[in-house]
Amino acid sequence: SGARAGSQLAVAGQLGLSAAGYALWCNGIDRFDELRQRHLVPQPPYRQGRAAAEAGAQAMIDISDGLIGDLRHLAEASGVTIDLSTEALSADREKLTGAAEAVGVDPWDWVFGGGEDHALVAAFAGPVPAGWRVIGRVLEGSSGVLVDGVPWRGHAGWQSF
């Protein structure tokens with residue numbers, strides 16, 4: 001609940017790999033072994049939680065239900081708006097493009113809405129620690145999540161209620 005306007009938003013870990021692997025399994029596609037295995041055996045960046053805390057992270061959450069869905073929790077608890085950058089997340093999308101074409105989906109749905117990779121995302125007022133990469137910024141405003149300044153209209157992740 002401590003994210004503040006003016007801070008950078010950064011991620012440690014991979015985004016969308018487990019969701020891609022799950023879709024490949026469900027569609028009987030036996031290519032893209034790395035993605036299929038990442039769904040079965042996630043690789044959370046365990047040590048990065050401590051690194052973020054030591055670097056002064058204001059707020060942090062793991063991405064288990066989807067980047068946008070989980071960031072909504074962080075934004076609501078902090079009373080801020082989060083703006084994600086597709087440019088900063090383009091490498092995540094590129095890793096998934098071939099599998100997305102095979103399944104017939106937009107890879108952004110996996111980057112923004114896929115969970116179960118258990119990446120960590122945090123807000124930092126100061127420098128981002130090694131092992132983290134900036135993917136957006138924290139803004140003043142009503143609680144919510146934007147992508148390149150506009151609301152995301154695609155899949156946002158698992159919704160329990």
Q) So which heavy atom on Val105 is nearest to which on Trp110, and how close? A) CG2-CZ2, 3.4 Å
Q. Nearest heavy-atom pair of Ala3 and Gln58: which atoms, and what distance?
A. CA-OE1, 3.9 Å
Q: Please name the pair of heavy atoms, one in Ala59 and one in Ser1, separated by the smallest distance, quoted to 0.1 Å.
A: CB-N, 4.1 Å
Q: May I ask you to test the Val103-Leu24 pair for a side-chain heavy-atom distance under 4.5 Å?
A: yes
Q) Is a donor on one side and an acceptor on the other found under 3.5 Å between the side chain of Ser78 and the backbone of Ala75? A) no
Q) Are Arg133 and Asp92 within salt-bridge range, i.e. N to O under 4.0 Å? A) yes
Q.
Please give me the minimum heavy-atom distance between Ala10 and Val128, naming the atom from each residue.
A. CB-CG1, 3.8 Å
Q: Say whether Glu116 and Ser64, considering side chains only, have a donor N or O and an acceptor N or O under 3.5 Å apart.
A: no
Q) Only one of His39, His118, Arg36, Gln37 clears side chain to side chain donor-acceptor pair (under 3.5 Å) with Ser18; which? A) His39
Q: Check the hydrophobic clustering (I, L, V, M, F, W, Y; side-chain heavy atoms under 4.5 Å; chains of links allowed) and say if Val80 and Met60 are grouped together.
A: no
Q) Is the backbone of Asp65 close enough, under 3.5 Å, to the side chain of Asp70 for a donor and an acceptor to pair up by distance? A) yes
Q. Any side-chain heavy atom of Gln14 within less than 4.5 Å of one from Gln43?
A. no
(Q) Show every side-chain hydrogen bond (donor to acceptor under 3.5 Å, both in side chains) that has at least one partner inside residues 120-131, sequence neighbours left out. (A) none
Q. If two hydrophobic side chains count as joined below 4.5 Å and joins carry through other members, does Ile135 share a cluster with Phe124?
A. no
Q) Do you know the tightest heavy-atom contact between Leu96 and Ala20? A) CD2-CB, 3.8 Å
Q: Could you check if a side-chain atom of Leu120 sits within less than 4.5 angstrom of a side-chain atom of Ile61, using non-hydrogen atoms only?
A: no
Q: Please check if atom OH in Tyr22 has more than 12 non-hydrogen atoms from other residues, nucleotides or ligands closer than 6.0 Å.
A: no
Q: Indicate if Val134 and Val147 have the same hydrophobic cluster label, given that clusters are the connected sets of ILVMFWY residues with side-chain heavy-atom separations under 4.5 angstrom.
A: no
Q | Main-chain N/O of Ser142 paired with Thr81 side-chain donor or acceptor, under 3.5 Å | A | yes
Q: Kindly indicate whether the side chain of Phe112, heavy atoms from C-beta on, has any atom under 4.5 Å from the side chain of Leu15.
A: no
**Q.** Main-chain N/O of Ala119 paired to Asp117 side chain as donor or acceptor, under 3.5 Å
**A.** no
**Q.** Test side chain to side chain contact (heavy atoms under 4.5 Å, CB included) applied to Val145 and Leu74, step by step
**A.** CA-CA 10 Å; Val145 180; Leu74 191 145; over 6 Å; no
**Q.** With Leu146, the side-chain contact (heavy atoms from CB on, under 4.5 Å) member among Leu84, Asp83, Ile82
**A.** Asp83
Q | Non-hydrogen atoms of Pro129 and Ala51 that approach each other most closely | A | CG-O, 4.0 Å
Q) Is the closest side-chain heavy-atom distance between Gln48 and Trp132 below 4.5 Å? A) yes
(Q) Counting neighbours of CZ on Arg137 that are heavy atoms of other residues, nucleotides or ligands and sit closer than 6.0 Å, is the number greater than 12? (A) no
Q: Find out whether Arg93 and Leu89 are in side-chain contact, i.e. whether some heavy atom of one side chain is under 4.5 Å from a heavy atom of the other.
A: no
(Q) Could you tell me if the side chain of Leu40 sits less than 4.5 Å from the side chain of Trp25, heavy atoms only? (A) yes
